[in-house]
Engineer: 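First the structure, which I've put down as structure tokens, then a few questions once you've had a look.
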Amino acid sequence: NAGVTQTPKFRVLKTGQSMTLLCAQDMNHEYMYWYRQDPGMGLRLIHYSVGEGTTAKGEVPDGYNVSRLKKQNFLLGLESAAPSQTSVYFCASRPSLTDTQYFGPGTRLTVL
Amino acid sequence: GENVEQHPSTLSVQEGDSAVIKCTYSDSASNYFPWYKQELGKGPQLIIDIRSNVGEKKDQRIAVTLNKTAKHFSLHITETQPEDSAVYFCAASKVNSGYSTLTFGKGTMLLVSP
């Protein structure tokens, strides 16, 4: 049982490049979340999903897209990366019957 | 939407002392308040949580108190140890459906000196 895993762990992009961050969970959790963490800003919700095939906007969704084609995977896409998207990205999941969110180890993204 | 304020931003204590971190929230309908610990280079991990129908909850050296009237909740760590050094986040949520989301405070860096 690996819990929540994120791929890749580190990535450096140039402005305008695109990439996809992968979050996978093997706990059969219904809900999944993408956050970004910036110094002094805490964790801010980007997008989330309440089940396979669903997505919803969080607090800071601009510049990101997401997809949840399979229950165990939640993808975060950056179509045209900007320096303002330099951050540490965390994925989380939770089962439907509890409120506890379980976090992955994070992806550190730098956009030059 | 919900707004969560957290204080202090940094807290330094000596090993064995107690540490208290305070949070306030704005939405009186919020009813779930978790606390997360984040060690360097890792993702946040839940350490304790409390719901609005409870005023206090303890788990060994950690306790959380909730004052619904004042809309604030606090984390108390007693007999601190160096391994308690980390960033702590409070959060608030209005749990009423699958669309409920957590709003986090900005974090407190706790440093415990031996």
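Lettering of chains follows the sequences in order, A, B, ..., and the numbering in each one begins at 1. These numbers come from the heavy atoms of this one structure, side chains and all, not from hydrogens, waters or symmetry mates. For clarity, every value in this text was computed on a predicted model and none was experimentally measured.
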Engineer: Would you say that more than 12 heavy atoms from the other residues, nucleotides or ligands in this model lie under 6.0 Å from the CD of B:E79, or not?
Structural biologist: no

Engineer: Considering residues, nucleotides and ligands other than A:L112, do more than 12 of their heavy atoms fall under 6.0 Å from its CG?
Structural biologist: yes

Engineer: Check this for me: A:R44, atom CZ, are more than 12 non-hydrogen atoms of other residues, nucleotides or ligands nearer than 6.0 Å?
Structural biologist: yes

Engineer: Which distance, rounded to the nearest 0.5 Å, do you find between the CG of B:L102 and the CZ of A:R94?
Structural biologist: 8.0 Å

Engineer: Would you mind telling me which of B:G1, B:P44, B:G41, B:G105 has the largest number of heavy-atom pairs within less than 4.5 Å of chain A?
Structural biologist: B:P44

Engineer: Are A:V88 and A:V60 linked, directly or through other ILVMFWY residues, by side chains that come within less than 4.5 angstrom of each other?
Structural biologist: no

Engineer: Check whether any side-chain heavy atom of B:Y36 lies under 4.5 Å from a side-chain heavy atom of A:L43, and answer yes or no.
Structural biologist: no

Engineer: So what's closer than 4.5 Å to chain A heavy atoms on B:Q38: side chain, backbone, both or neither?
Structural biologist: side chain

Engineer: Using the rule given for side-chain contact (heavy atoms from CB on, under 4.5 Å), can you reason through B:S93 versus A:Q101, listing the C-alpha separation, both sets of side-chain angles and the distance that settles it, and then say yes or no?
Structural biologist: CA-CA 12 Å; B:S93 174; A:Q101 291 190 20; over 6 Å; no

Engineer: Quick one: which of A:T100, A:T54, A:L45 has the most heavy-atom pairs under 4.5 Å with chain B, could you say?
Structural biologist: A:T100

Engineer: Can you say whether B:P34 sits under 4.5 Å from chain A via the side chain, the backbone, both, or neither, judging by heavy atoms?
Structural biologist: neither

Engineer: Go through A:G58, A:G51, A:G40 and name the one with the most non-hydrogen pairs under 4.5 angstrom from chain B.
Structural biologist: A:G40

Engineer: Has A:Y33 got a side-chain atom pairing as donor or acceptor with B:T101's backbone, closer than 3.5 angstrom?
Structural biologist: no

Engineer: side-chain contact (heavy atoms from CB on, under 4.5 Å), that's the test. Do B:F89 and A:Q37 meet it? Break it down for me.
Structural biologist: CA-CA 12 Å; B:F89 292 97; A:Q37 184 176 38; 3.1 Å; yes

Engineer: Considering residues, nucleotides and ligands other than B:K37, do more than 12 of their heavy atoms fall under 6.0 Å from its NZ?
Structural biologist: yes

Engineer: Does atom NZ of B:K22 have more than 12 heavy-atom neighbours, drawn from other residues, nucleotides or ligands, at distances under 6.0 Å?
Structural biologist: no

Engineer: Give a yes or no on this: more than 12 heavy atoms of other residues, nucleotides or ligands lie within 6.0 Å of atom CD of A:E79.
Structural biologist: no

